[in-house]
Structure formats: C-alpha cells, structure tokens
Amino acid sequence: GYLATMGSSCGKGKVKTCCKKAAEHPAKKAKPAQKEFESPLGKGMPAVEASKADHVGRSAAQHAKAKKDSGKEPSALETSMGTLGNDSSKATDHSAVGCGPEDPECEQDLSSETIEKVLTSYWDIGDCGQWGSDLNSARCGGHKDPPECPESFRVAPNVCASGTALLMNVEYANTSWYMVKSLVQKRNCSFMYYAQYSCHTTTTTTTTTTSTTTTTITTTSTTTTWETDAMFKHRVKHRYPIEEGLTCSKFCPHCKTTFEKPNPGWHVEDLSGVQLPDVCFQESAEPNMHHVFVIGDWGGIIDKDGKVSPADHRKKDSKFTMSGRLFIIGIDDQAQQLVAQQMQSRASWTHPDYVLNVGDNFYWAGLDGVCGVPANQVTYSKQFEVLFEDMYKGPGLDGKHWLGVLGNHDYGGYKFDAAWDQIVSYSWGQGGRWLTPALYWRVKVYYPGFSVDYFFVDTNVWDALPGQVDPEHNICSFEHNKKDAHCANGGPANVGDCHDWFQRLWEDQVKWLESGLDGSVADWQIVVTHFPPWWGSEFWAGLCYRYGVDMIVAGHQHNQMFVHEEETNLLKPTAVVVSGGGGGITSEACPDPQGHDFQYGFFDLTFTKGEIRVQIINHAGREMMTTYVTQRPRGPTHDEDEGKDLKK
C-alpha cells in the first residue's frame, strides 16, 4: 500500500482530517491557481495519507464542538467524519461506522489518552480554501520540513491484522521514513510527502501439551488504500461547484456540438495554424466530469497474411539498436490489439468525449506511398482501414474524434517523403473521426462551467537534422532519402531543403503558439505534440512559466509515463503526459506477463473545473496510476512587479 502525508507550509496552515472511511472524504486544494495535490512519482504510486497527533482520535462530535466553541459552525464534512482508534475492542464499532455527534459515550471513549496514532486514508488541506480553521495541523508533516513522523502507525485491525503499519520509502523499502523528504512537493502554501507502508508481522506462539515444543507462525499481509471515486466526486462537487442545470447552450451559446472542420486547401500547409470553431460537450458519464483518452505510437505493421504486430524495436541487430530484451508472447505480438481492447472496454462506461492522438500513427515509415497528392484529395489506405477504423471501435469509441499530430515515423522515419500529407487529408475521409486538419492547429473545448484551450504542435524539428548527421534517427538523412525526393504540394522541396523546411515550420509555430497562449483565457491550457518536452526543454520551461501551460501531452517514448513535481522536471509544475505505449512498436522494457507494468497502454484524463484526474490504464486494463493536476498560474509579466502572479 502507499501513504502520503500532506501538510501546509503557510504560517497559518489549515489541515482538516478526513478520518476513517477514506472512501467518503476527499482531499484537494480549493484554490485553482495553486497546485498542491499531485503525485511526483510517475510510477503509478497512488496518493494516500498517514498522520499522527495527540488529538488524532477526535470524533465528529469533538470537531463539531470545537467549531461551536470557536464561534464557527461545523461543515457537513466535519460532522460526517469517523475515526480509526487504537482500542481494538472498539475498532469494529468506531472504525467501521465512526462516532456521531449524538453519541457522547463514543466521544468519551475515543478521546481517551490511550488513542495516540491513527492511519487515515486522506487529509484535506483547507488553508487555501473554504474549509476554515485547523484542528489537526500538528499531525505528521504539519508545517515542518522534513516531517516529524514515526516509522510506524497503529491502525485498525481491518487495515492490518497486527494493528501496526510500517512506513517505508517508495523506492527503497529499507530506507528510513525521513529519506522520503526528497519527494516533498512544495507548491505555494502546501507540501506533500509520499511513503510506502506494509503491515507489521503478526506473530502467534502456540505451546504443545508436553511443553517441549514451541511453534511460531508468522504471517504478513499488505493492503493498498486508494482514493475512491466517491472521494474524488465529493471533492470536485464541493471545491469546484458548478451552477446546477448549467448547459452548453447557456454557457457557450455560440459553440458547436461537435468538432467542425474547415474546407481543405490545395497544399498541405494551407491550413497551418487554423483554429477550429469552439465546441461544447455537455453529456458525461458522471456530473461535471468529462473523460478524454490519450494514445500514441499505436499503428503496427500488417504482414502479408493481414496479421497486425508491432514494429520490433528491441533486436540487437536492428537499425534501432536496443538492449535485445525478451519478446513476451501473448503481449508483445499483439500489443496494439490489447490496448485497443482495453480502450473500448473502458470507453463503454466512461464515454470519452474524444481521443488525443500524439502521433507515430503508422510504423515503420508512415503511410505507404509518397507525399505530393493535393491536400483536398483522399486516397484509399489499407493502413487506415485495418489499423484505425477496424481497430478502435465499439460502444464509447464509435463516432468519437481523434485529435492529433504527426510523429517522426509518420514522415517516414529516416525519410521525409512518405505519404504524410494524406494523414492530414484523411481528416476529410469517409470515416469522419480522424481530425488532423493541419500540421499545427488549435481548438477550444467548452464544458458547462469551464473551458480548455488545446494547441496541437509539430515538434519533428528535433528529428530533422542536417542530412549528414545520424542517418538512423534523421528524417532528413542523406543516406536514406533519394536524391530526387521531394513533396510537390507542401513540405520539403528536396533533401537539401528538408532540414531548413522543418526549421521554418518550427519558427512559425513558436510565434503562433506564443500568440495563442498569450491571448488564452481558458481555464486550462494544454499542448499536444509528439516529442516530450525534454527535447527543447529550455524553450518549453520558459513557455510554460510565462503562459501558465498546465499540461503537455506527448508520446515518442514507447511506454506510459507521467512527470510532474519531480525536481528533475524543468517544467515543474507543468505536468507532462507521455503516452507512447500504444502498441505500434515494441515497448522500451519487457511487459509483465501478469499485467503489472507501464509499457503498453493509454491515459484516461478526467476533466473538471479545478482538477484533471490522470490515470494510466495498461494493456491488461489495470489502473496503474491515479493522480491529479491543478491549474498553473502565469509567471510575472515584464510590466508588473516581480512578485505578482498573473492569474488566468
């Protein structure tokens, strides 16, 4: 299982505990402009909390009484809180149902001095929001850095049979809890610590009737506490309220009800930078929560018998030399199909509004054919039919648009003259779901109560090097491109122009992107591209800081990765989603035959007014990670005092 401790570094931090039933009580900040509840691990570690205090066993009645004594009314959250106590004789009654405000006997029992420490599954930080005064700020973590936390906690028997949970570092299980301080998250007025826990060994000693033999039986059990959907929904409902009955027609009367495409141009570059009409989505599987899937690097290779399998990226003798890892039959040989099946399965109940597609749609070398067909003409492609239309379908996916960009393999891998322009032109094809109307473009999506500005960016400049450089990883390679290679209706005029063409494309995009972000008033700003932002990290760090970019969604690396509050993230606190494990190419490392890995899969983003829930779903359908992103404020502008933040 996993524990996290959240505290406040404000001078008067407010931490409100959600004792006992974790599934019933949320935790997250109330101020959208600050980021405080976000997992830094990128390894699927869920966020749950541990705590300690001399008053940790307070019942809901005590919380209510404290509020009353201070002249403040208790919130509904406080009056609904229960407690896990140390007294095992009372654990069943009080940890299972909590102590109500009308139960003074229960209150008296729980306020006993014998109750010292409690494991709670969530904390609620209230300093930045509406939750009021702090009854438990001295708990583990509190206002201190590093936190003064014990290495073990007394817990209810239903959590650990022994009644004791041991804290461990998430990466080094034998390391002291205090080493966890390296994972501290500092964001304005709050910080968070992550730790792993396991249940203490339970030892039972039995003596035989002859008194000559003693048998010791040792058992160890572990448990994982996750934030439940109920907790997330509760937090969203109370932290980010939306007017009841608010509709798209009222919130955005000019919005379309689905994505609408402009008429195609003659040249593939004619629509570069186009902004599609605003669109609003109202219906959702859950009130005020809207799902969006993310996938990349997904289109495999069709053999002569029609079988689809990933491009093999792992062979030592491959042009793309790797470690020569094992090939896992049953997963590696059908990776795209497995991911597609899990997408359809999840879509059947989450009903995503659309899919964000981060490129490398067709391996190894893009669509068959060559560039140069007029952009307003769509030619038949077996790859589109087999790898896209027939692969991603079913309830929840049918009719859903795929909003995308091109990856380096779409251009041809180490060539530039594949039929990449047809990937753009297919936006006007018969299927109707494909939406890549230009090499770079944007659209604003509204939901009742909030909005998202999407910027789709071509970052293949990072793989378009001078022709003589790195022929195996260079779209503009002199070695692999034919001397007479060219693209007649937009694109490089010849191999000598290739590097310069991508440079011009990038420079034009930078101006367009900065202008668009500067004028954005949406709640969320999200960049969708192929290369993760560690390519061009200094540019991206500056851009995200100036304009408050909340998230960059990318692919290219062939696994599932989430990067957020790590010290190594130069974009911090901008979140980075890397979804390069779509199954079109073998993953970076071996997938686990039991399905416990981050190699192949997709992301499920749940948009709300104040948070985005980020979940990694792997090829086995497991939710490997759940974490949260809040909005990033813009950095100070040149004409303002340095200490001021320009809010969205």
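The residues of the chain are indexed from 1 along the displayed sequence. Quick caveat, the model's predicted, so the values are computed rather than measured.
Side-chain contact between Phe598 and Met625: present, with at least one pair of heavy atoms (C-beta onward) separated by less than 4.5 Å. The closest side-chain heavy-atom distance from Glu385 to Asp390 is below 4.5 Å. With contacts defined as side-chain heavy-atom distances shorter than 4.5 Å, the pair Val614/Met551 qualifies. Under the 4.5 Å side-chain criterion, counting only non-hydrogen atoms from C-beta, Thr258 is in contact with His401. Counting heavy atoms from C-beta on, the side chains of Phe384 and Phe362 come closer than 4.5 Å. Put simply, the side chain of Leu435 reaches to within 4.5 Å of the side chain of Leu276, judged on heavy atoms. Looking at heavy atoms from C-beta onward, Ile617 lies out of side-chain contact with Phe293 at the 4.5 angstrom threshold. Within the 4.5 Å cutoff, side-chain heavy atoms of Phe602 are placed close to those of Arg346.
Asp297 and Tyr363 form a side-chain donor-acceptor contact under 3.5 Å, judged by distance and modelled atom types alone. A side-chain N or O of Lys444 and one of Tyr446 form a donor-acceptor pair less than 3.5 Å apart. A donor-acceptor contact closer than 3.5 angstrom links the side chains of Asp597 and His619. Trp266 and Asn489 form a side-chain donor-acceptor contact under 3.5 Å, judged by distance and modelled atom types alone. In summary, the side chains of Asp332 and Tyr600 do present a donor paired with an acceptor at a separation below 3.5 Å, with no hydrogens or angles considered. Looking only at atom types and distance, the side chain of His530 has a donor-acceptor partner in the side chain of Asp360 under 3.5 Å away. Residues Gln430 and Tyr380 bring no donor and acceptor atom of their side chains to less than 3.5 Å of each other. Tyr414 and Glu479 are not linked by any side-chain donor-acceptor pair at a separation below 3.5 angstrom, with hydrogens and angles left out of the test.
A perpendicular orientation is assigned to the rings of Phe562 and His564, their planes being inclined by more than 60° (bins at 30° and 60°). Ring-plane geometry between Trp535 and Phe531 is classed as perpendicular, the angle between the planes exceeding 60 degrees on a 0 to 90 degree scale with a lower cut at 30.
Contacts of Ser520 classified as side chain to side chain donor-acceptor pair (under 3.5 Å), with partners at least two apart in sequence or in another chain: Asp453, Gln525. Residues passing the salt bridge (Lys or Arg N to Asp or Glu O under 4.0 Å) test with Asp458: none are found, sequence neighbours excluded.
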With side-chain contact (heavy atoms from CB on, under 4.5 Å) as the test, would you mind laying out the steps for Val457 and Leu513 before giving the verdict? CA-CA 8 Å; Val457 179; Leu513 182 57; 4.2 Å; yes
Please lay out, stage by stage, how Cys487 and Cys371 fare under the test disulfide (SG to SG under 2.5 Å). CA-CA 5 Å; Cys487 295; Cys371 55; 2.0 Å; yes
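You'll find the ring centres of Phe539 and Trp506 inside the 6.0 Å limit.
Residue Tyr354 forms a ring pair (Phe, Tyr, Trp, His ring centres under 6.0 Å) with just one option from Trp434, Trp402, Phe281, Phe607, and that option is Phe281. For the ring pair (Phe, Tyr, Trp, His ring centres under 6.0 Å) with Tyr411, the qualifying choice from Phe416, Phe502, Trp364 is Phe502, the only one to do so. With Ser451 as the fixed residue, the side chain to side chain contact (heavy atoms under 4.5 Å, CB included) test singles out one of Asp523, Val445, Asp278: Asp523. Results of the ring pair (Phe, Tyr, Trp, His ring centres under 6.0 Å) test with Phe456 over Trp512, Trp441, Tyr440 single out Trp441 as the only residue that passes.
Considering all non-hydrogen atoms of both residues, His351 and Ala285 come closest at CD2-CB, 4.0 Å. Nearest heavy atoms, Asp353 versus Glu283: OD1-O, 3.8 Å. Residues His313 and Thr586 share a closest heavy-atom pair of N-OG1, 2.7 Å. Nearest heavy-atom pair across Asn357 and Val528 is O-CG1, 4.4 Å. Taking every heavy atom of both residues into account, Gln342 and Gly621 meet most closely at OE1-CA, 3.1 Å.
A distance of 7.5 Å separates CG in Asn460 from OG1 in Thr529, rounded to the nearest 0.5 Å. Between Cys590 atom SG and Gln599 atom CD the span is 8.0 Å, to the nearest 0.5 Å.
Distance check for Cys248 and Cys280: the SG atoms are under the 2.5 Å cut-off.
Ion pairing of Glu389 with Arg433 is present here, as a side-chain N (NZ or NE/NH1/NH2) and a carboxylate O approach within less than 4.0 Å.
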